[in-house]
Protein chains: 2
Amino acid sequence: MPYRALQYAQEHASEYLADLRALLQIPSVSTQPEHEADILAAAQWLVAELKRIGLEEVKLLEAGGNPVVYGEWLGAGESAPTILIYGHYDVQPVGALAAWSYPPFGAEEADGKIYARGASDNKAQLMTHVKAVESYLGAHGQLPLNIKMLFDGEEEIGSPYLNALAIKYKHLLDADLLFISDGAMFAPNYPSIDYGLRGFLAVELLFESVARNLHSGSYGGSVHNPAQALAAFLGLLHDDKGRVALPGFYDDVTPLTAGERALLADVPYSEEQWLVETGAQGVWGDGDYSLLERMVARPTCEINGLTSGYQGLGISTIIPAWARAKLSFRLVPDQDPQKVLKQLEAYLAEKVEDTIVTTVRYQGGERAAVTPWRSSAVRVAMTVLTEVWGQKPVVSRGGGSLPVVSILQRELGLPFILVPMGLDDNRHGPNEHYHLVNWEKGLAAAIHFYEAFAQA
Amino acid sequence: MPYRALQYAQEHASEYLADLRALLQIPSVSTQPEHEADILAAAQWLVAELKRIGLEEVKLLEAGGNPVVYGEWLGAGESAPTILIYGHYDVQPVGALAAWSYPPFGAEEADGKIYARGASDNKAQLMTHVKAVESYLGAHGQLPLNIKMLFDGEEEIGSPYLNALAIKYKHLLDADLLFISDGAMFAPNYPSIDYGLRGFLAVELLFESVARNLHSGSYGGSVHNPAQALAAFLGLLHDDKGRVALPGFYDDVTPLTAGERALLADVPYSEEQWLVETGAQGVWGDGDYSLLERMVARPTCEINGLTSGYQGLGISTIIPAWARAKLSFRLVPDQDPQKVLKQLEAYLAEKVEDTIVTTVRYQGGERAAVTPWRSSAVRVAMTVLTEVWGQKPVVSRGGGSLPVVSILQRELGLPFILVPMGLDDNRHGPNEHYHLVNWEKGLAAAIHFYEAFAQA
């Protein structure tokens, strides 16, 4: 069956690309209120598109926030598996226009790429599945399995209402597998499969000491400097081996199995490559774990930002009134962000003198999500990707966090698989793009996967 | 003799105030290049003023930077003492205009005050001495001692060329006493005398780790976070008793004598007053020293500012490429800022791992300056201030730093005395002002002091 669907895709390649370009031309930036109408336009464009290709029950789901697009095709019947495809139609802000060589919403083609904000993250990857479904329905009038599609409008702002939506539409979203194409393949022409993601906890720490900035000549030596107190506290968050020193932090960490460590050891990722990617002086971290394990399977604590006092040129000899750190933790199974938050609060109470008023502002959190890596979904994806790309894929966890995965795993008990179809592609940066070869091979991979998974 | 000079001052009170207002109306902001012409206008206004009142050798001294105004009257002869009066005609920037209730260069009178940027810091205090000299020369055609006046044009930017100037004009500036009226009296109607100032060392610490901000999901756990490394290092700069933990920092600190500790203990400064002034939760610092001793006679280390990574609203889960701290030390005799800088560099080399590239940017430094507090200048000033204000003055050190004092002490061996004539007066803030009562009593105090010091 895939042969005819693939042929259909090839025959309609220029229309498919035109449809992708139409979506890319809608500036659906979710982080900027002035793009509210564009968000709605993108959602409505997708509703029309899903109806046109033959999905049913196409509608906008509402649980607060930007609308979520839903559509389904359940004609394969109850004996066939159902996969839920998640993507997001919202995009990052453009940033400085001067840094772009192409108009961010022009969707222009050049050098085998199509340039647009949101091209790789996530519109082309989302449309890959839309076009895979269209190819089946166009060629055969049916799919080898049941499909549900869920396209988020707030992924770039952390999907704050997705948990409520998953609860509200629990039965609608039920499936056998959550399939997500987002993020980057391991390397060009080198596909990858992620079977896990880290969770996270994000907080803002505010240390306050005095009513206003004071002159350090007048009061230095008598006032507890909040920047100094904050630095001292942050210095206590790691030990000298690069481990997180927050008491209790590792209590709930499920140890990596020997099998999984062997799997990760097989990933051809070298320190040399890491050095090129990061521009760092050398690797750092917990020496009991390999470089890749530290990046994807171990929990972390990171300072994301520091703000205090005078930040301009030259000198201003003040004692700042306050100091602030943005802090986030990457979590692994079975750490609970709420428990880590309590550990942090207890550590602050223990370590910070009462000359400082501390405030912890919760900024979001989500548990890690890991799905069995010896699943039929992973096996099928390995076969399909090897065939399409001529390269056996890397199987690994991802180090980042995607709330939808944890939410649907928790609320619906869904196993999941992450198969990125894009590359780095300057996602979140200027000149974001998508390689046309990834567009073509991604479509072939999706078409193959539906068939192979239905038969597995 | 002072009686007639005082009478002359009273008879010319309105002209004196008009002259002060004329100087206040020149926006001589030294930190903003667009005020270059205003700086020159203020310097030339002072040249004309000093010539008009009868000083000799009136000229602009040049050693780089904004011009320094000089004038002298040496008619008292070699047997009489010579005092060098230092002030500065440059002012701070205005800041947000909306915060001002009066035009910053309008010099308007209201509520017994005259409002202008630079009113208290330092134009009215500088003009107090100009008018004291004018009163003597107007009433008597002579002064009881020799006077030299030196008016800086770059005090608010740290007087970067003053050291070169002191060397270039060493013989011209020679005197028996450096007299400075700047800063604030102890309290309203409560005069004070400072016989010492702290020195300082200011540096910028830059910690760099990676080529650009990295995604903490991708690289967290493998990259040495420079904000974390900086916080950890800054946390090592104090021990848990509030003492500076930089190795060797206290080696050259001259212990306070029992006599000086008794003198400082006599200053009626309470923890209650400190709490009102600072708005702090409670006092902090080295418990082996009194609150006032910590503020004026002990060295410190302060973080003046922190900058790293994401500082906006919400979350941005990055590993920052770099982190920066502005750090300054207040120093006491006989600490050497260059030696402290070397101690800091050695401590960085010892404590920071080589996954981080550290840079120390020197931003200025000056030794502390202390003059004997059992001097005739202090004794005379005590008598005069007690008489003028009806209140025995506080005798103390000041906790701040004034480069001119250290420079002239080092280059010319000058003893000095600091007699502030103003109050807090919102110096450096909006609605800076000067109390007319301070203007009148300051003038009387200066007139009395010249006579009494000549006779001491």
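Bear in mind that the values here come from a model prediction, so they are computed numbers and not experimental data. Numbers restart at 1 for each chain; the letters A, B, ... are given by sequence-line order, proteins then strands.
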- request: List the steps, then state whether side-chain contact (heavy atoms from CB on, under 4.5 Å) holds for B:Gln281 with A:Ile356.
  value: CA-CA 7 Å; B:Gln281 306 298 308; A:Ile356 300 288; over 6 Å; no
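Residue contact with chain B, scored on non-hydrogen atoms closer than 4.5 Å, is absent for A:Ser401. With a threshold of 4.5 angstrom between heavy atoms, A:Arg243 does not approach chain B through any atom at all. Within the 4.5 angstrom heavy-atom criterion, atoms from both the backbone and the side chain of A:His224 approach chain B. For A:Glu277, the parts lying under 4.5 angstrom from a heavy atom of chain B are both the backbone and the side chain. A:Leu275 does not touch chain B: none of its heavy atoms, backbone or side chain, sits under 4.5 Å away. Neither the backbone nor the side chain of B:Asp240 has a heavy atom closer than 4.5 Å to any heavy atom of chain A. Neither the backbone nor the side chain of B:Leu402 comes within contact range of chain A; no heavy atoms are under 4.5 Å apart.
Contacts between residues 294-307 of chain B and chain A, defined by a heavy-atom separation under 4.5 Å, are made by B:Arg294, B:Met295, B:Thr300, B:Cys301, B:Glu302, B:Ile303, B:Asn304, B:Gly305, B:Leu306, B:Thr307. For residues 211-220 of chain A, heavy-atom neighbours of chain B at less than 4.5 Å comprise A:Ala211, A:Arg212, A:Leu214, A:His215, A:Ser216, A:Gly217, A:Ser218, A:Tyr219, A:Gly220, sorted by residue number.
Side-chain contact, B:Ser222 with A:Trp274: a donor N or O sits under 3.5 Å from an acceptor N or O.
Closest approach of B:Ile315 to A:Phe200, counting heavy atoms only: CD1-CE1, 4.4 Å.
Proximity of a side-chain donor or acceptor of B:Lys326 to a complementary backbone N or O of A:Gly309 within less than 3.5 Å is not detected.
Of all the listed residues (A:Arg198, A:Gln311, A:His238, A:His428), the one sharing the greatest number of non-hydrogen pairs under 4.5 Å with chain B is A:Gln311.
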